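These notes concern the structure reproduced below.
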Amino acid sequence: MNLDVELVLLTYLKHTSSEDHEYKLVLDILERDFQTHADYGDLETDGNIPVLRTSEDSGFVDEELCRRIGAQLAELGDKLEREGRIKKEVVECVVQDLLTNSLTESRFEELIKSVMQNLPAGIETEKATVAVAMALTKEVGCSVPSLLQNFFYYTAGFIQRNYLAYLQQIDRQR
């Protein structure tokens, strides 16, 4: 089983609700960019197109699995947002740190943990952490759409480095 964290996050963002027109436009651009890379790979500086998108262990990505995981996390993220557990102050801190180019991984983890203090008991820590990181990505994108693309890749990298094993474990638990 091979996962693409960017596809999981993109699916999450597409499944969560937002009426913000500019956010939707940026999300559409992200989706087109993702699809272009998935279909053709990244363009090399000499104009050639390398091998199709694969996971780190050189296997092909299970796109359906990525979409299922993204949709599952989106359900939790929507619930957290509806219940008001993603505080505007935390979103504003992320936005400010992004605008000043000072968001570090440890700062991002600190902000995620501050949100997690308000979560109900019974939610797996790893699942909650990933869902909160994704929910913050959506909220930042809705608040300042021009930040969505960069923050999307930042969050995907954060999850890839810290929670890929957890995402892979989700499918094994089925």
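Remember, predicted model here, so these are calculated numbers, not experimental data.
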Check: Which value, rounded to the nearest 0.5 Å, describes the distance between Asp4 atom CG and Ile69 atom CD1?
Finding: 11.0 Å

Margin query: Give me each pair satisfying salt bridge (Lys or Arg N to Asp or Glu O under 4.0 Å) with a member in residues 146-157, each pair once, sequence neighbours excluded.
Written below: none

Next item on the list: Only pairs at least two apart or in different chains count here, so list each salt bridge (Lys or Arg N to Asp or Glu O under 4.0 Å) that has a residue in residues 140-161.
Entry: Glu105-Arg161

Margin query: Ignoring hydrogens, what is the shortest heavy-atom contact between Thr11 and Ala71? Give both atom names and the distance.
Written below: CG2-N, 3.8 Å

Notebook entry, point to check: Heavy atoms, side chains only, cut-off 4.5 Å: are Glu6 and Leu10 in contact?
Noted result: no

Notebook entry, point to check: Can you tell me how far OG1 of Thr125 sits from OH of Tyr163, rounded to the nearest 0.5 angstrom?
Noted result: 8.5 Å

Notebook entry, point to check: Do you know which two heavy atoms are closest between Arg85 and Val115, and how far apart they sit?
Noted result: O-CG1, 3.5 Å

Notebook entry, point to check: Restricting to pairs with a member in residues 139-150, which pass side chain to side chain donor-acceptor pair (under 3.5 Å), not counting sequence neighbours?
Noted result: Asp33-Gln149

Margin query: Can you confirm whether Leu167 sits close enough to Leu73 that some side-chain heavy atom of one is under 4.5 Å from a side-chain heavy atom of the other?
Written below: yes

Notebook entry, point to check: Is a salt bridge present between Glu63 and Arg67, judged by a nitrogen-to-oxygen distance below 4.0 Å?
Noted result: yes

Notebook entry, point to check: Among all residues two or more places apart in sequence or in another chain, which pass the salt bridge (charged side-chain N to carboxylate O under 4.0 Å, His left out) test with Glu81?
Noted result: Lys138

Checklist line | Partner of Leu164 under side-chain contact (heavy atoms from CB on, under 4.5 Å), chosen from Ile159, Val8, Val5 | finding: Val5

Notebook entry, point to check: Side chains of Leu119 and Val132: does their closest heavy-atom pair fall under 4.5 Å?
Noted result: yes

Notebook entry, point to check: Taking C-beta and beyond as the side chain, do Asp78 and His15 meet within less than 4.5 Å on heavy atoms?
Noted result: no

Next item on the list: Would you name the heavy atoms of Ala156 and Leu9 that are closest together and state the gap between them?
Entry: N-CD2, 3.9 Å

Next item on the list: Side-chain contact test, heavy atoms from C-beta onward, threshold under 4.5 Å: evaluate it for Phe34 versus Leu7 and give yes or no.
Entry: yes

Margin query: Filter on ring pair (Phe, Tyr, Trp, His ring centres under 6.0 Å), then keep only pairs touching residues 121-140, sequence neighbours left out; what's left?
Written below: none

Check: At what distance, to the nearest 0.5 angstrom, does CG of Leu111 lie from CG of Leu103?
Finding: 7.0 Å

Note to self: Tell me which pairs pass salt bridge (Lys or Arg N to Asp or Glu O under 4.0 Å) where either residue lies in residues 147-160, with sequence neighbours left out.
What the structure shows: none

Item checked: From CE (Met134) to CD1 (Ile86), nearest 0.5 Å -> 12.5 Å

Notebook entry, point to check: Would Leu148 and Thr137 satisfy side-chain contact (heavy atoms from CB on, under 4.5 Å), going step by step from the backbone distance to the final call?
Noted result: CA-CA 7 Å; Leu148 178 60; Thr137 303; 4.1 Å; yes

Next item on the list: Report yes if some heavy atom in the side chain of Phe152 is under 4.5 Å from a heavy atom in the side chain of Leu13; otherwise report no.
Entry: yes

In residues 21-32, what donor-acceptor pairs under 3.5 Å come from side-chain atoms, sequence neighbours left out?
residue, atom, partner, partner atom, Å
Lys24, NZ, Ser18, O, 3.2
Glu31, OE2, Lys14, NZ, 2.6

Notebook entry, point to check: In chain order, what residues pass the salt bridge (charged side-chain N to carboxylate O under 4.0 Å, His left out) check against Lys87, with sequence neighbours excluded?
Noted result: none

Check: What side chain to side chain donor-acceptor pair (under 3.5 Å) pairs are there with at least one residue in residues 91-104, not counting sequence neighbours?
Finding: Asp97-Arg107, Thr100-Ser102, Thr104-Ser106

Check: With side chains defined as the heavy atoms from C-beta onward, is the minimum distance between Val140 and Val95 less than 4.5 Å?
Finding: yes

Checklist line | salt bridge (charged side-chain N to carboxylate O under 4.0 Å, His left out) involving Lys113 - partner list, sequence neighbours excluded | finding: none

Item checked: Heavy-atom side-chain contact between Thr155 and Leu136 under 4.5 Å -> no

Check: Sequence neighbours excluded, which residues qualify as salt bridge (charged side-chain N to carboxylate O under 4.0 Å, His left out) partners of Asp20?
Finding: none

Check: Quick one: ring pair (Phe, Tyr, Trp, His ring centres under 6.0 Å) pairs with a partner in residues 95-140, sequence neighbours left out?
Finding: Phe108-Phe151, Phe108-Tyr154, Phe108-Phe158

